[in-house]
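Count residues from 1 along the sequence. Atoms considered below: every heavy atom in the structure, side chains included; atoms not considered: hydrogens, waters and symmetry mates.
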Amino acid sequence: MISQFFVLSQRGDNIVFRDYRGEVAKGSAEIFFRKVKFWKEDEAEEAPPVFNVDGVNYIHVKVAGLFFVATSRVNVPPSLVLELLQRIARVTKDYLGVLNEDSIRKNFVLVYELLDEVIDFGYPQTTSTEVLKSYVFNEPIVVDAGRLPPLGPAAIFMQGTKRMPGTAVTKSVVATEPGGKKREEIFVDIIEKISVTFSSSGYILTSEIDGTIQMKSYLTGNPEIRLALNEDLSIGRNGSSLYDYRSSSGSGTVILDDCNFHESVHLESFDVDRTLSLIPPDGEFAVMNYRMTQEFKPPFRVTALIEEAGSSRAEVILKIRADFSPNVTANTITVQMPVPSYTMRASFELEAGATGQTTDFKEGSRRLEWNLKKIVGGAEHTLRAKLTFSQEIHGNIAKEAGPVNMNFTIPMYNASKLQVRYLQIAKKSKTYNPYRWVRYVTQANSYVARL
């Protein structure tokens, strides 16, 4: 299957290395990093997840700033190896609590013990955190969460008016709290990645949501959990799906095209009241994945305009409007726009009183970049840029620029309106009342505006 597995830092330092079959030279990690660092093929800025160098297949994923890499001399299914690498990263995070270079270095004995159980002679054995607990006995060395970089507003969990920092989920699923007790709590994330394409006049051409309900449980004894979703939820554009799930009303205000569930989920009552029942396994897992192409209100409206301002000059106007509640704040917003290849320089003009905004002209890739620290719902921001070219303009300049691409994260907001009505945990005693934390996060998958 795979010959080697290794984890590299952003600097190219070898943190973890396992050679399972002795088929690939020891310098493969250095070859991989040099190739990724200075990738110049196919006019792409980044190396693809799978590539071949001198007869060796390199397959990698980047998680939390770390490269998880597998090598092989034979043709292996790339999707299978990519999924294996993602699962190794997830299991490592489950055990260490925090996935970064420092936590792996401090727990290298535990990490190698995990690898020995997950992969044998290059073949995957198990990636289940729950199964691994029977074979892995080293206790993790907990990395102080206070030393981690701030996670920002997107890492805030809410329960009513309570707030809890995202570092609450940086605990190991096997480590005990000081005093030998575990804090009984469960975390549920509804994470949606949206794809929207706007026409040059601002109309929506395509729109889609890829969502997942993630769960991470710190409950002892694995009690049964009931997770209730919208009662008016329908699956399938005709109110039904491949599984013939139907809402009681026949048609719902939230219509999912399709979905799939974790193997631990029981669907006996899902047809009746849209309730999922399950006994959560240890570690983080996806309870449900879903896709939606029903029309929805996009969180941002993006308009872009480029006009000639002389024989070798042009002016760009970018405008963003946040179409969500003022109680919600988007953060880490990045807007990028490719410009003609003969652009020499660009000067920027922000609106008066603008704070937390930066601009840049990337000469290597010939694109404008506009970064905003945050945008409050209902706000509108404008950027003007003046371009200077190395030659005179010929033809339609709008065809040589764009499209505009936008990335963002919006905590406590979801475009599909899918909601968790309640999260019920089977009681072991009258005083048993674990903490329940639910958050919603929307991120851009492909948010594009044409010129």
Under the ring-ring contact (aromatic ring centres under 6.0 Å, His included) test, residues paired with His266 that sit two or more places apart
none

Stepwise, does the salt bridge (charged side-chain N to carboxylate O under 4.0 Å, His left out) test hold for Asp258 with Arg291?
CA-CA 6 Å; Asp258 49 61; Arg291 185 174 62 92; 2.8 Å; yes

Asp116: partners by salt bridge (Lys or Arg N to Asp or Glu O under 4.0 Å), with sequence neighbours left out:
Arg18

Quick test of your reading: applying salt bridge (Lys or Arg N to Asp or Glu O under 4.0 Å), list the pairs with at least one residue in residues 407-422, sequence neighbours left out, ordered by first then second residue.
Glu231-Arg421

Sorted by chain and number, sequence neighbours left out, side-chain contact (heavy atoms from CB on, under 4.5 Å) with Arg366 holds for Val339, Thr343, Phe361, Glu363

Using the side-chain contact (heavy atoms from CB on, under 4.5 Å) definition, which of the options Ile88, Thr92, Val111 pairs with Val16?
Val111

Partners meeting side chain to side chain donor-acceptor pair (under 3.5 Å) with Asp120 (sequence neighbours left out)
none

Listed partners of Phe121 passing side-chain contact (heavy atoms from CB on, under 4.5 Å), at least two apart:
Arg21, Tyr123

Quick one: list whatever passes ring-ring contact (aromatic ring centres under 6.0 Å, His included) with Phe408, sequence neighbours left out.
Phe300, Tyr447

Which residues satisfy the side-chain contact (heavy atoms from CB on, under 4.5 Å) test with Ser79, sequence neighbours excluded?
none

How are the rings of Phe285 and His262 set relative to one another: parallel (under 30°), tilted (30 to 60°) or perpendicular (over 60°)?
tilted

Atom CG of Leu383 and atom CD of Gln357: how far apart are they, to the nearest 0.5 Å?
8.0 Å

Counting heavy atoms not belonging to Phe108, are there more than 12 under 6.0 Å from its CZ?
no

Would you mind listing every salt bridge (Lys or Arg N to Asp or Glu O under 4.0 Å) that reaches into residues 25-37, with sequence neighbours excluded?
Asp19-Lys26, Glu30-Arg34, Lys35-Glu41

Ignoring hydrogens and geometry beyond distance, is a side-chain donor-acceptor pair present between Glu192 and Tyr290 at under 3.5 Å?
yes

What residue pairs, at least two apart or across chains, pass salt bridge (Lys or Arg N to Asp or Glu O under 4.0 Å) with a residue in residues 62-85?
Glu83-Arg87

Do Tyr440 and Tyr413 make the cut of ring centroids closer than 6.0 angstrom?
no

Under the rule for side-chain contact (heavy atoms from CB on, under 4.5 Å), what residues qualify as partners of Pro78, not counting sequence neighbours?
Val50

Check this for me: Glu263, atom CD, are more than 12 non-hydrogen atoms of other residues, nucleotides or ligands nearer than 6.0 Å?
no

Got a sec, which residues hit ring-ring contact (aromatic ring centres under 6.0 Å, His included) with Tyr112, two or more places apart in sequence or on another chain?
none

